[in-house]
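Any value given below was found using the heavy atoms of this structure, including those in side chains, with hydrogens, waters and symmetry copies removed.
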Amino acid sequence: MAPRGLSSLDMYRKVPADLLEGTKSGSFLSYAAIFIMVTLFYLETAAFFSSKMVTDLALDSNRDPRLRVNFNITMMDLKCDYAVIDVVSVLGVDQNVTQHVTKFQIDAEGVRQRFHGRNKKQDDVIMHDELVSESLEELHENGEDAISLDDRTLKFAQNENEFLFVDFYASWCSHCRDLAPTWETLGEVMTDSAIYKVDEHMEEHGHEYSDEEYEEAVKLALPVLIAKIDCVTHPALCQTQNIRAYPSLRLFVDGEFKADYRGHRTVLEMTNWLAGMEEAHKKELGEDALKIGDAHEVARERMDVEETRDEMNQPPRRPDTRDPKSAEEQEWIEKMNRYRSRHRPEWRDEDHPGCQISGFLMVDRAPGNFHIKAQSLGHDIAPHMANVSHEVHHLSFGDPSVHNSIKRGDTVTPDGFYETTRPMDGNVYVTQNVHEAHHHYLKVVTTDFDNPSINQRYSQRNPNYGRRAYQILQSSQVSYYRNDMVPEAKFTYDLSPIAISFRMSSRRWYDYLTSLMAIIGGMFTVVGMLESGVYAVASKKRR
């Protein structure tokens, strides 16, 4: 017999079997309770062996000092010569934004072309000829050889001259002022070449010309008419010619636009380019008579330069000595750089109105922006002609290999997550009016997740390797600029202080056991109460 103290604590007291009575309703409810418990046991067991995705929010603890920005953007109406990317950070740290950026010219049909002929840095271009020692006023003492044109005289000059080389400039442009003496000297070279031709013809044929006839003969013998147009005085004319930067050096052949010159702005370089353009033009016509080559020889004599045109167009021979500090090696390097950056006559700007810019930037993990704008070290951009309409083929943050894993479905991320990392892909932003540009505002959210496909060896080296991406919340608007400011396509980014993480979660074993006990106890209690109620109602009816 158990001690009285222990039996008093018995929570499972027994009822004698002869006091129990079975009922049909109790039997029915017992079978129903067993069925329900078995069903709940099955569901709880299935939930125990399965897992679900859980989203957590926390303060961003990312300690990476830099953030990678991947982009592929087409500027629809901006040449690669002028397309420049700048990065601005609140930290004010200088960053190299050209190392991993590639530019491709886009023709009128939007087809990517190989960026050849001018894949050089803008600061490679020589702005003016240092061999020209006279000032513009001194050169004008014997008259102007670079003729000033306007709307009416331009058409006349196009009709009367086979080759017309025009400097479209602005009086406020510093580069234009630096170029002015060189341009006037180029005009004098063409005049001197024509004078030599006329004098030679007079000696051979014994002709005598009056002053008026001699002047007219010189005009007819001009290899190229050198002219200039002030775009401040004639803005409508320059806009009709689609002049976007100053100075723009444009060649017309037989009255039609041929090409813009973008090489070194020296007399010899320009005469060499003009001679090449003449040779190509005459070859198309099947003619042999050439005049600009003689002008190049006149320029050589005037500039006191020994290098011939054939030597200019051939790669310089490297000296036998390979000592980088030797004078011969330095001279060869200088000549090779000039040869590589020389403007080739076969380049046709009209075939390449746009520019595709792709690559990546390494920016500070701080609010900032990167923008694509029209800028040139050798030109001043005309703000009303700068069109920064663009198409975003791709824009994302972070490691591209992680995006590939997300796209394949290797990561623990919800449906549609891949699209949130690149919401601007395929969007086109066209400005309809001048002095406008689209500005984009990007809220960048750090997002961590599980990636079972990552090798454990890499995980040990870097716990976040392959497990971090960046979602983007994007909005865009059209911004308006003052008339004297050049528009730019701006992408402003800001990192969210809140980070998101996705993980798979499964139930603990003790949660599972607790649920099973709750099912048994709860079902027994509820069915017992229900049976008691049914039995009480039935008893009253029998009475």
Side-chain angles (χ1 to χ4, degrees), residues 68-87 95-125 242 244-245 259-260 262 340-341 343-344 346-363 369-379 381 385-400 403-404 407 421-432 436-440 442 472 474 476 478 486-493:
R68 174 168 171 156
V69 184
N70 313 291
F71 63 92
N72 185 350
I73 301 171
T74 291
M75 307 304 294
M76 300 178 180
D77 197 16
L78 182 62
K79 296 178 182 178
C80 285
D81 297 69
Y82 302 148
V84 175
I85 299 180
D86 275 347
V87 175
Q95 301 176 40
N96 183 1
V97 298
T98 60
Q99 182 178 4
H100 305 291
V101 177
T102 306
K103 297 190 288 188
F104 298 92
Q105 293 283 7
I106 302 295
D107 62 16
E109 301 298 327
V111 180
R112 189 174 78 176
Q113 302 292 334
R114 188 165 66 92
F115 186 41
H116 66 289
R118 277 179 291 164
N119 57 344
K120 56 184 181 296
K121 297 180 181 179
Q122 293 181 351
D123 56 359
D124 286 338
V125 177
N242 199 26
R244 298 167 181 258
D260 283 341
R262 307 211 179 262
R340 288 175 175 174
S341 61
H343 191 118
R344 305 300 176 186
E346 66 268 14
W347 187 268
R348 293 175 57 86
D349 283 315
E350 64 270 21
D351 295 335
H352 310 281
C355 184
Q356 181 178 343
I357 308 173
S358 62
F360 66 90
L361 307 172
M362 298 302 296
V363 300
N369 70 78
F370 71 93
H371 46 270
I372 304 175
K373 60 182 180 180
Q375 179 178 304
S376 173
L377 296 177
H379 301 82
I381 305 299
M385 295 300 292
N387 183 0
V388 290
S389 298
H390 54 279
E391 178 180 359
V392 180
H393 304 292
H394 173 70
L395 178 64
S396 65
F397 291 80
D399 187 354
H403 295 187
N404 295 332
K407 188 176 183 180
T421 62
R422 52 191 68 212
M424 299 183 69
D425 286 14
N427 292 355
V428 179
Y429 303 92
V430 178
T431 55
Q432 303 295 336
E436 292 181 357
H438 281 88
H439 287 189
H440 311 284
L442 313 174
I472 301 174
Q474 173 260 338
S476 302
V478 176
V486 179
E488 57 189 21
K490 181 180 290 187
F491 299 79
T492 301
Y493 54 87

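Atom CZ of Phe370 and atom CD of Glu488 lie 12.0 Å apart (nearest 0.5 Å). Atom NZ of Lys407 is separated from atom CZ of Arg422 by 7.5 Å, given to the nearest 0.5 angstrom. For the atom pair Ile85 CD1 and Lys103 NZ, the distance stands at 8.0 Å (nearest 0.5 Å). His393 NE2 to Asn72 CG: the interatomic distance, rounded to the nearest 0.5 Å, is 5.5 Å. For the atom pair Gln105 CD and Cys80 SG, the distance stands at 4.0 Å (nearest 0.5 Å). Atom CD in Glu436 sits 10.0 Å away from atom CG in Asn387 (nearest 0.5 Å).
Using a 30° and 60° split on the angle between ring planes, Tyr82 and His379 fall in the perpendicular class, above 60°.
Considering every non-hydrogen atom in both Ala374 and Val486, the closest pair reads O-CG1, 3.8 Å. Nearest heavy-atom pair, Ile381 versus Ala245, reported as atom, atom and distance to 0.1 Å: CD1-CB, 3.5 Å. Contact detail for Phe360 and Arg68: the closest heavy-atom pair is CD2-NH2, 3.4 Å.
Here the options are Val84, Ile357, Asp86, the test is side-chain contact (heavy atoms from CB on, under 4.5 Å), and the partner is Ile372; only Ile357 passes.
With a 4.5 Å cut-off on side-chain heavy atoms, Leu361 and His100 do not count as touching. His371 is not listed as a side-chain neighbour of Val388, based on a closest heavy-atom distance of 4.5 Å or more. At least one side-chain heavy atom of Phe491 sits less than 4.5 Å from a side-chain heavy atom of Ile73. Using a 4.5 Å heavy-atom threshold, the side chains of Asn242 and Met385 count as touching.
For His438, the ring-ring contact (aromatic ring centres under 6.0 Å, His included) criterion is met by Tyr429, not counting sequence neighbours.
Proximity of a side-chain donor or acceptor of His440 to a complementary backbone N or O of Tyr493 within less than 3.5 Å is not detected. Side-chain atoms of Asn70 do not come within 3.5 Å of backbone N or O of Asp399 as any donor-acceptor pair. Side-chain atoms of Asp425 come within 3.5 Å of backbone atoms of Leu395 as a donor-acceptor pair (strictly under, hydrogens ignored). In this structure a side-chain-to-backbone donor-acceptor pair under 3.5 Å is missing from Thr74 to Met76.
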Verdict with supporting geometry, Arg262 and Asp81, side chain to side chain contact (heavy atoms under 4.5 Å, CB included): CA-CA 9 Å; Arg262 307 211 179 262; Asp81 297 69; 3.4 Å; yes
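A donor and an acceptor atom, one from each side chain of Thr492 and His439, are nowhere located under 3.5 Å apart. Side-chain atoms of Gln356 and Ser358 form no donor-acceptor pair, as typed in the model, at a separation below 3.5 Å.
A salt bridge links Asp77 with Arg244: the closest approach of a Lys/Arg side-chain nitrogen to an acidic carboxylate oxygen falls below 4.0 angstrom.
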